[in-house]
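Written out below as structure tokens is the structure these notes cover.
In each ligand, atom 1 is the first atom listed, and ligand 1 is the first ligand listed. FYI, side chains are in, hydrogens and waters are out, and symmetry mates aren't considered; it's all heavy atoms of this structure.
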Amino acid sequence: MNPIVVIEPMVPADLDAAVGIDVSAFKPSELGAGSQDVRALREKQLTEELSRPFARVRVARGDGGVVLGYLLSWHVVDEVQLLNVAVATAARRQGIGRALMNDLLEHARASGAAKILLEVRASNAAAIALYESLGFSTFNVRSGYYADGEDAAEMMLTMAA
Ligand SMILES: CC(C)(COP(=O)(O)OP(=O)(O)OC[C@H]1O[C@@H](n2cnc3c(N)ncnc32)[C@H](O)[C@@H]1OP(=O)(O)O)[C@@H](O)C(=O)NCCC(=O)NCCS
């Protein structure tokens, strides 16, 4: 089934749902939480993102406005950095991640960005397949980049002039 989603700016009322998606998608250590409450920490981080002038936080809403996924990017001069894209576990493989990425690509093109950059865990086959299907390619591997020792693949999409 292909749910109909709309991609819109995240608003503070969406924070709880976005935090829930992150907490089920990532380990507390991946979200930067040590002994802290991971939900509280993530809510604080995303609240900060909502107030950053260069951050863009978009949600994918399904029926009844429910948040099924979200994407966070930073836009600095002519570069876009993808910081996170995550889809609720039950809503995966239905095109929502791709819809969020296409929204990012459209915005990058419309705002004249030269490239989009991202870092992804080398083992994250789902995300890497999504990025590659959109034309991203790996230009560097940062060995042992993550706190648990995993490598990061640095990927880039150069926007057509
Ligand atoms: C990565 C993620 C956002 C993809 O979202 P999604 O809504 O499931 O993705 P889509 O349904 O739009 O799939 C788009 C493409 O991604 C790839 N893909 C998605 N899930 C995949 C999987 N489990 N295995 C292999 N490829 C996969 C495929 O190329 C797919 O295209 P196809 O369905 O035509 O084969 C989702 O798996 C997720 O939230 N993962 C946890 C968070 C995360 O790791 N984010 C990336 C951080 S850098």
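At the top of the distance list for atom 18 (N) of ligand 1, counting protein heavy atoms only, stands Ala126 O, 3.6 Å. When only non-hydrogen protein atoms are considered, atom 45 (N) of ligand 1 lies nearest to Val85 O, 2.7 Å. At the shortest separation from atom 7 (O) of ligand 1 among protein heavy atoms lies Gly97 N, 2.8 Å. The protein non-hydrogen atom at the shortest distance from atom 26 (N) of ligand 1 is Ala129 CB, 3.6 Å. Scanning the protein for heavy atoms near atom 14 (C) of ligand 1, the closest one is Leu130 CD1, 3.6 Å.
Tracing side-chain contacts under 4.5 Å through hydrophobic residues (I, L, V, M, F, W, Y), one reaches Val66 starting from Ile96; they form part of the same cluster. Clustering ILVMFWY residues whenever any of their side-chain heavy atoms sit less than 4.5 angstrom apart, transitively, puts Val6 in a cluster other than the one holding Leu72.
In this structure, Glu8 contributes its side chain and Arg61 its backbone to no donor-acceptor pair below 3.5 Å. Under a 3.5 Å cut-off, the side chain of Asp22 and the backbone N or O of Val19 do not form any donor-acceptor pair. Checking side-chain atoms of Asp151 against main-chain N and O of Gly144 turns up a donor-acceptor pair under 3.5 Å. Looking only at distances, no side-chain donor or acceptor of Glu154 sits under 3.5 Å from a matching main-chain atom of Leu117.
Listed by atom number, the atoms of ligand 1 under 4.0 Å from Phe26 heavy atoms are 42 (C), 43 (C), 44 (O), 45 (N). Remark: ligand 1 atoms within the under-4.0 Å shell around heavy atoms of Ala86 are 39 (O). For ligand 1, the atoms closer than 4.0 angstrom to any heavy atom of Gly95 are 10 (P), 11 (O), 12 (O).
Residue Tyr131 touches ligand 1 through its side chain alone, judged by heavy-atom distances below 4.0 Å. Contacts of Asn124 with ligand 1, taken as heavy-atom pairs under 4.0 Å, involve the side chain alone.
Side-chain atoms of Met155 and Ser137, non-hydrogen and from C-beta on, never get closer than 4.5 Å to each other. Between Leu71 and Asp103 there is no side-chain heavy-atom pair separated by less than 4.5 Å.
Protein non-hydrogen atoms do reach within 4.0 Å of atom 42 (C) of ligand 1. Within the 4.0 Å cut-off (strictly below), a protein heavy atom is located near atom 31 (O) of ligand 1.
Checked against a 3.5 angstrom limit, the closest N/O atoms of Gln94 and ligand 1 fall inside it. Considering both main-chain and side-chain atoms, Val87 comes within under 3.5 Å of ligand 1 through a nitrogen or oxygen pair. For ligand 1, the polar-atom distance check against Ala127 finds no nitrogen or oxygen pair separated by under 3.5 Å.
Rounding to the nearest 0.5 Å gives a distance of 10.5 Å between CG of Asp16 and CD1 of Ile21. Between Arg42 atom CZ and Gln36 atom CD the span is 12.5 Å, to the nearest 0.5 Å.
Among Arg93, Glu30, Glu119, the residue whose heavy atom sits closest to atom 33 (O) of ligand 1 is Arg93. Nearest-residue assignment for atom 36 (C) of ligand 1 (options Arg98, Arg92, Met155; heavy-atom criterion): Arg92.
Salt bridge present: Arg52 and Glu49 bring a charged side-chain N and a carboxylate O closer than 4.0 Å.
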